[in-house]
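To keep things clear, I will list the structure first and then write my remarks on it.
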Number of protein chains: 2
Amino acid sequence: MSPFTPPGETREKVYRFVRRRIIEDLPPTVREVQEAFRFKAVQTARQHLERLVAEGRLAKARGQARGYRLPREPGTLFVPLLGRVQAGGLREAIEACEGYIPVQSRGSAEMFGLRVQGESMTGAGILPGDVVIVRQQARAASGDIVVARVGDEATVKTLRLGRNRIELHPANPAFAPIVPRADECAILGKVVEVRRYLA
Amino acid sequence: MSPFTPPGETREKVYRFVRRRIIEDLPPTVREVQEAFRFKAVQTARQHLERLVAEGRLAKARGQARGYRLPREPGTLFVPLLGRVQAGGLREAIEACEGYIPVQSRGSAEMFGLRVQGESMTGAGILPGDVVIVRQQARAASGDIVVARVGDEATVKTLRLGRNRIELHPANPAFAPIVPRADECAILGKVVEVRRYLA
DNA sequence: TTGAATAACAGACAAAAGTCTGTTATACAC
DNA sequence: GTGTATAACAGACTTTTGTCTGTTATTCAA
């Protein structure tokens with residue numbers, strides 16, 4: 001009454017099914033796995049799932065609905081995409097963000113996305129309309145590409161540290177470096193990723 | 001016995017809490033919302049949740065554990081990141097991919113990520129080491145940046161359609177256009193996004 | 001043959017989670 | 001006042017979901 005399938009074959013399919021569901025949507029319940037594979041018994045699905053956990057390919061939270069997870073959190077988080085940063089600071093801009101974009105990140109640093117305006121960084125492969133992903137931090141190293149607030153506007157530049165002053169260098173010979181007074185400038189964060197959406 | 005909070009204030013917090021959970025992790029259960037806000041009754045959490053659904057700010061699947069969702073699916077999917085595409089085709093490369101990266105996408109097209117090698121596209125702001133996100137398609141329009149297989153190697157170039165032939169143009173004067181024979185070349189897909197990881 | 005391992009099934013129980021009915025209190029408009 | 005709306009609570013019921021015990025069948029190795 002019970003057809004025999006090669007060892008591990010069904011389990012592999014179960015793994016792929018569960019992983020897909022976890023990654024794209026919502027972890028499945030045991031019975032959803034059962035139904036997806038037309039098992040006649042819940043226990044069959046559970047057996048496969050538990051074995052996947054034992055093999056370390058899945059992790060689970062006991063007794064919790066939809067408790068199956070991927071063993072290592074993929075570390076994907078969503079960061080707010082800002083159109084522009086105006087006076088006042090990030091808080092307001094983040095509150096009024098355009099939307100959220102997925103970013104892969106190991107730590108739990110606060111981040112945001114910012115749409116780049118102007119051609120001052122084309123030499124570094126950052127074009128107008130590109131989105132930079134920024135990790136919030138008030139300090140950065142010389143040579144880092146940073147987002148800084150100068151007066152009331154936010155700008156993307158390469159940071160150069162001089163003695164007692166900071167310089168913001170464009171990566172485009174048509175633009176001049178900015179050497180702001182310390183009290184009218186603040187580093188908002190470091191650019192950790194650049195994205196360009198083409199289609 | 002029941003403190004009064006301004007209308008909508010708690011609901012706003014509940015919304016943010018639920019959205020965060022949906023986006024980053026796993027939709028919360030009603031009781032998890034209850035506990036997060038120290039409500040003494042499940043119904044209080046449920047009331048807020050149901051009202052958010054009525055307002056259209058949340059969607060839900062009735063009677064399902066962790067059934068609350070965002071009204072419009074954020075459409076995030078994970079695409080395989082390929083180190084390089086060799087002979088044979090994409091199938092094998094995708095099977096042996098380096099990992100998965102999150103991509104925002106409305107449709108359900110098959111996509112993959114590819115790490116760029118060489119400097120032939122620097123003029124288009126695509127530098128060595130950048131990752132291009134590619135939507136799989138066998139045809140593309142003149143001017144599109146595509147990933148094409150020429151012989152046994154995959155390459156990123158701008159597509160130009162001539163009469164009865166295709167041309168693959170680099171975006172760097174130091175490189176020459178490629179005009180492959182039709183039988184030794186195939187378009188693998190169109191570049192829809194460029195990413196550069198800096199830190 | 002015997003035993004071990006795997007795949008699958010049957011039927012139930014227990015806990016988790018969704019749902020419901022009804023109550024109290026505050027604010028606000030009339 | 002009266003009525004309406006919102007916020008919050010109490011307690012229970014129902015469904016969903018996770019878990020468990022036990023059984024049958026097939027393959028493979030000793």
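Here the structure is a predicted model, which is why all the values come from computation and not from measurement. In what follows, chains carry the letters A, B, and so on, assigned in the order in which the sequence lines appear, proteins first and then strands, with residues in each chain numbered from 1.
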What is the minimum heavy-atom distance between A:Phe39 and A:Ala45, and which atoms define it?
CD1-N, 3.8 Å
Counting only side-chain N and O atoms of B:Thr29, is one of them less than 4.0 Å from OP1 or OP2 of C:dA16?
no
Nearest-nucleotide check on DNA chain C, B:Gln47 vs B:Arg62; residue mapping nearer the 5' end is B:Arg62
Of all heavy-atom pairs linking B:Glu32 and B:Pro27, the shortest is OE1-O, 4.4 Å
Would you tell me if any nitrogen or oxygen in the side chain of B:Lys40 comes within less than 4.0 Å of OP1 or OP2 on C:dT24?
no
Nearest-Å distance for atom pair CD/P, residues A:Glu50 and C:dT6:
15 Å
Closest heavy-atom pair and its distance - A:Leu168, A:Cys185:
CD1-SG, 4.4 Å
Over how many whole Å does the gap from A:Gln64 atom CD to C:dA17 atom C1' extend?
11 Å
If you go through the side-chain atoms of B:Arg46, does one of them form a donor-acceptor pair with the base of C:dG18 closer than 3.5 Å?
no
Rounded distance (Å) that lies between atom P of D:dT17 and atom CD of A:Glu32:
6 Å
Please confirm whether the shortest side-chain N or O distance from A:Thr44 to OP1 or OP2 of C:dC9 is below 4.0 Å.
yes
If you look at every heavy atom in B:Val179 and B:Arg165, which pair is closest and at what distance?
CG1-CD, 3.8 Å
Distance check needed: C:dT21 P versus B:Gln43 CD, whole Å only.
10 Å
Going by modelled atom types, is there a donor-acceptor pair between the base of C:dG18 and the side chain of B:Arg31 at under 3.5 Å?
yes
Using whole Å, what does the distance between atom C1' of nucleotide C:dT6 and atom NE2 of A:His48 come to?
9 Å
Tell me: CD of A:Gln34 to C1' of D:dT16, nearest whole Å?
13 Å
Between atom CZ in B:Phe39 and atom P in D:dG11, what is the gap in whole Å?
18 Å
When rounded to the nearest 0.5 Å, the distance separating OG1 of A:Thr44 from CZ of A:Phe37 is 12.0 Å
Which nucleotide in the list C:dC9, C:dT19, C:dA17 gets nearest to the side chain of B:Tyr68?
C:dT19
Could you say whether A:Val42 or A:Arg51 is positioned toward the 5' end of DNA chain C, judged by the nucleotide with the nearest heavy atom to each?
A:Arg51
CG of B:Leu52 versus C1' of D:dA7: gap in Å, rounded?
14 Å
